[in-house]
There are 2 protein chains.
Amino acid sequence: MSDTPFPRLSPGVLADDGDALTFCSTCAFSQACLSQGMDKSSLQDLHMLVEHVGPLHAGEHVFRVGDPFEAIAAVRAGTVKTYVIDRDGREHVLGFHFPGEVIGLDAIDGDTYPCNAVALDTVMLCRFSFPKISVLATRLPGLQQHLFRLLSRSIGRAALLAGDFSADERMAAFLVGMSERLAARGFSPNRFALTMPRTDIANYLRLAPETVSRVLKRFQDDGLLQVDRRELELVDRARLETLAAPVLRH
Amino acid sequence: MSDTPFPRLSPGVLADDGDALTFCSTCAFSQACLSQGMDKSSLQDLHMLVEHVGPLHAGEHVFRVGDPFEAIAAVRAGTVKTYVIDRDGREHVLGFHFPGEVIGLDAIDGDTYPCNAVALDTVMLCRFSFPKISVLATRLPGLQQHLFRLLSRSIGRAALLAGDFSADERMAAFLVGMSERLAARGFSPNRFALTMPRTDIANYLRLAPETVSRVLKRFQDDGLLQVDRRELELVDRARLETLAAPVLRH
DNA sequence: CGGGGCCTTGAACATCATCAACCGTCGTGG
DNA sequence: CCACGACGGTTGATGATGTTCAAGGCCCCG
């Protein structure tokens with residue numbers, strides 16, 4: 001494994017094209033809207049209601065269960081973990097959210113957030129008032145469509161890990177999925193850092209932390225990957241994808 | 001257990017109030033829109049693009065993986081099962097959909113359906129062209145809001161069963177959840193029929209069919225419920241809810 | 001150095017899956 | 001009308017996968 005640094009902040013792949021977009025060049029949300037067929041003056045409207053938040057530091061919460069719902073947020077940099085505490089006091093990790101991904105969508109139905117969102121490292125956000133973006137969406141069909149798709153995609157994603165899969169399949173799917181999501185944002189697909197502790201990965205995959213340890217070790221012994229503490233390199237991507245295939249359904 | 005018949009079709013609790021609504025009195029979708037603040041002329045527009053489908057008989061598909069996505073659908077009567085077949089040929093049940101619930105939401109992001117939907121008994125549907133309803137939603141903020149909430153709710157629901165729970169917790173949550181959803185549509189909350197075979201319940205809960213059998217039997221022996229083939233009566237709802245609490249998070 | 005997370009490793013255990021057989025019900029056809 | 005067969009469901013015995021418990025190691029930071 002080389003000694004190149006592991007990326008933690010957005011590399012700015014969404015850099016502006018030299019015009020007014022400079023004021024939010026790393027905000028993937030508006031970028032996506034553009035590609036949905038929104039013109040630039042519409043994007044101006046969108047940016048009128050954006051609020052840049054951060055930096056938040058590891059352990060600081062973006063929102064908590066029961067906070068009044070007022071906005072969704074796009075992650076610009078860092079990793080956000082969403083989770084709930086059930087009535088027996090057990091934590092359940094719902095997901096990890098990387099740059100370009102949106103949190104708070106599950107709060108739209110209801111007037112408070114149904115889960116907690118916490119920064120796992122240094123996090124930057126774009127906050128979008130939901131009432132305002134809804135109103136805007138009635139004027140901008142492209143924005144409405146983008147929101148619909150965003151919500152729809154989350155349903156699909158939530159259903160993925162819900163299936164009945166082995167520890168190996170889950171782990172492989174987690175790694176390949178993470179790789180794909182990071183790659184879509186311009187990060188290296190085969191070398192990245194696990195920004196979350198093993199306990200969170202385990203909890204998310206519904207495994208014991210010890211199992212995560214053992215599976216990772218076995219994957220390494222089998223030449224599928226190299227892992228050193230939180231640094232990871234996918235070595236045999238093809239075999240990992242084969243393992244992950246039943247889960248990811250590509 | 002008495003010999004009253006188990007309801008299978010919508011009892012018409014959403015019956016019209018004597019006016020133009022009669023033409024779709026059992027369509028919960030439009031009813032919900034009304035309560036979202038839509039006026040009746042708007043509802044007329046909505047009904048212009050509704051297509052009533054059915055009856056479909058047990059085993060007939062509403063749509064299949066890869067079918068071009070063109071519409072979402074509200075279940076008016078019967079039970080619809082959604083599922084996928086993974087690359088190893090294993091089936092994964094994603095959910096059961098009762099009257100008043102909407103299917104196809106996970107297809108919005110993409111131009112084909114990502115899952116199969118099949119009738120478990122005699123099913124009636126209201127079909128809504130999604131392109132058309134999207135356009136309408138830009139004119140009717142209440143409709144847009146309803147769609148957002150519908151999508152958001154599905155995200156939350158998908159996350160529920162995804163957690164790390166015991167067979168007992170899963171089973172209790174399934175039964176209580178089903179009871180609540182039926183009750184919300186005017187069905188008896190404590191006496192209802194399991195419209196799906198044990199294998200489907202097991203698959204949905206990520207258990208073996210044998211485990212479902214055993215848990216149900218133990219629940220019956222413990223006085224939690226009475227079960228006779230597909231007919232079910234919740235006897236000790238309080239204890240079932242306690243068991244289900246970690247999953248349902250009420 | 002020393003302490004505290006976080007992670008790993010090993011051994012015993014539990015839960016649930018698997019395998020195999022059987023049963024009850026229903027539908028069909030003799 | 002009854003025999004048969006198929007399907008769905010139940011039950012028991014066995015076993016695998018992953019959890020739990022306990023201990024130790026590594027790294028970072030004081």
**Message:** Distance check needed: C:dC16 P versus B:F165 CZ, whole Å only.
**Reply:** 13 Å
**Asked** Would a 4.5 Å heavy-atom cut-off, applied to side chains only, mark B:T82 and B:D106 as touching?
**Response** no
**Prompt:** Can you tell if the side chain of A:L160 reaches within under 4.5 Å of the side chain of A:R249, non-hydrogen atoms only?
**Reply:** yes
**Distance in angstrom units between B:D164 CG and D:dT20 P, rounded** = 8 Å
**Item:** Separation of D:dG18 C1' from A:D168 CG (nearest whole Å)
**Value:** 11 Å
**Asked** Starting at CG of B:L207 and ending at C1' of D:dG9, how long is that distance when rounded to a whole Å?
**Response** 16 Å
**Message:** Need one value for B:R206: base, sugar-phosphate or nothing, where a base atom within 4.0 Å counts as base even if backbone is also close, heavy atoms only.
**Reply:** sugar-phosphate
**Request:** Would you please classify the geometry between the A:Y113 ring and the A:F63 ring as parallel, tilted or perpendicular, with 30° and 60° separating the classes?
**Result:** parallel
**Request:** Report the distance from atom CG of B:N203 to atom C1' of D:dG8, rounded to the nearest whole Å.
**Result:** 16 Å
**Request:** Let me know the distance between CD of A:E231 and C1' of D:dC26, rounded to the nearest Å.
**Result:** 15 Å
**Prompt:** Could you give the CD-to-P distance, from B:E169 to C:dT15, as a whole number of Å?
**Reply:** 12 Å
**Asked** Would B:E70 and B:R127 satisfy salt bridge (Lys or Arg N to Asp or Glu O under 4.0 Å), going step by step from the backbone distance to the final call?
**Response** CA-CA 10 Å; B:E70 201 271 323; B:R127 221 168 147 278; 3.1 Å; yes
**Asked** Mind checking whether B:F192 and B:F187 have ring centres under 6.0 Å apart?
**Response** no
**Asked** Rounded to whole angstrom units, what separation is found between the CD atom of B:Q220 and the P atom of D:dG9?
**Response** 15 Å
**Asked** Reckon B:A167 touches a base, only the sugar-phosphate, or nothing at all at heavy-atom distances under 4.0 Å?
**Response** sugar-phosphate
**Asked** How does each nucleotide of nucleotides 3-9 of chain C score, in 5' to 3' order, for protein heavy atoms under 4.0 Å: base (B), sugar-phosphate only (S), or none (-)?
**Response** ---SSBB
**Message:** As a test of understanding, state which of B:L240, B:V235, B:L234, B:V227 forms a side chain to side chain contact (heavy atoms under 4.5 Å, CB included) with B:F219.
**Reply:** B:L240
